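Structure first, then comments.
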Amino acid sequence: MKIATWNVNSLNVRMPHLKQWLAAAQPDIVALQETKLEDAKFPDTEIAALGYRCVFSGQKTYNGVALLARHDMPEDIVTDIPGMDDPQRRILIATIGGLRIANLYVVNGQAVGSEKYAYKLDWLARVTDHLAGEAARHPNLVVLGDFNIAPEDRDVHDPVAWKDQILCSVPEREALRKLLSIGLSDTFRDFHQNDGAFSWWDYRQAAFRRNLGLRIDLVLASHALRPRLAGASIDLEPRRWDRPSDHAPALLELNA
DNA sequence: ATGGTCGGGAGCCGA
């Protein structure tokens, strides 16, 4: 089965892209970020017609996450971390066909040292605490989404220019390392060791054409799932289409 | 050449 994450940067604009990509890639589970739609406006009937059930946690203008599942109805939904009073819709956890799936739209953080940066680190710490509990209850755990963190220098087109900048700073990478330490691995790196593999490219400066990107969209899987890991990839095709999202889908393939 | 591009929504903020 195929599990995917894709920051669509407005589902309103990207609905045709999503349709075309679902038909081509045939994923079983899809985590979407930056839907930018309040729940009343989520196109669930249109997506149901494509063969996917969906759950979502959205808001107007900003953020918004959704999970699409081809066979099983997502169950035991979590959209808010206990004790975390946050109006920003950035997290959606559900059980789908025996897997616990946590879809994250991690805070961007704007600039190192800013208020939003402090919020990012606090958000990550709280979410990590919650996911540690999820991992204890659900051995088959997948945590995926837009992490807004490039894990290592080989995930960055120009590590010197990005050194200690937002998405690459040591505290952000340390926060990601802590999340991994609850018992998760970055599945892309279980299969690929090369640099130059990215999932996001700025709209400016023809960054995609020049492959000036970062790998910030990740699929993490628990160690219990290790024997089932069959492949990981980033699908560059939708980034080449007209009026694309600035992110490409990242995928994990699991054996039954 | 000290900017550049998107999306949302009507200013400029967020990424």
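Below, chain A is the first sequence line, B the second, and so on; all start at residue 1. Bear in mind the structure is a predicted one, so any value in this text is a computation, not a measurement.
Taking atom P on both nucleotides, B/dC13 is separated from B/dG4 by 15 Å, rounded to a whole Å. Taking atom C1' in both B/dG14 and B/dG9, the straight-line distance is 13 Å, to the nearest Å. Taking atom C1' in both B/dG7 and B/dA1, one finds a spacing of 27 Å when rounded to whole Å.
Between A/Arg154 and A/Asp195, none of the side-chain N atoms (NZ, or NE/NH1/NH2) sits under 4.0 Å from a carboxylate O, so this pair counts as no salt bridge. Between A/Arg100 and A/Glu134 there is a salt bridge, with a side-chain nitrogen of the basic residue lying less than 4.0 Å from a carboxylate oxygen of the acidic one.
In this structure, CG of A/Asn7 is placed 11 Å from P of B/dA15, rounded to the nearest angstrom. Remark: P of B/dC13 and CD of A/Gln110 are 10 Å apart, rounded to the nearest angstrom. Atom CZ in A/Phe147 sits roughly 18 Å away from atom C1' in B/dA15 (whole-Å rounding).
Within 6.0 Å of the CD atom in A/Gln193, the count of heavy atoms belonging to other residues, nucleotides or ligands exceeds 12.
Residue-level contact check: A/Phe208 touches neither bases nor backbone, having no heavy atom under 4.0 Å from any strand.
The main-chain N or O of A/Asp86 is found under 3.5 Å from a side-chain atom of A/Arg89 such that the two form a donor-acceptor pair. Within the 3.5 Å criterion, the main-chain N or O of A/Met84 finds no donor-acceptor partner in the side chain of A/Arg126.
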Where protein sits on nucleotides 3-11 of chain B, one letter per nucleotide: B base, S sugar-phosphate only, - none, heavy atoms under 4.0 Å: -BBSSSS--

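Screening A/Leu124, A/Leu176, A/Leu167, A/Leu218 against A/Val106 for a side-chain contact (heavy atoms from CB on, under 4.5 Å) leaves a single residue, A/Leu124.
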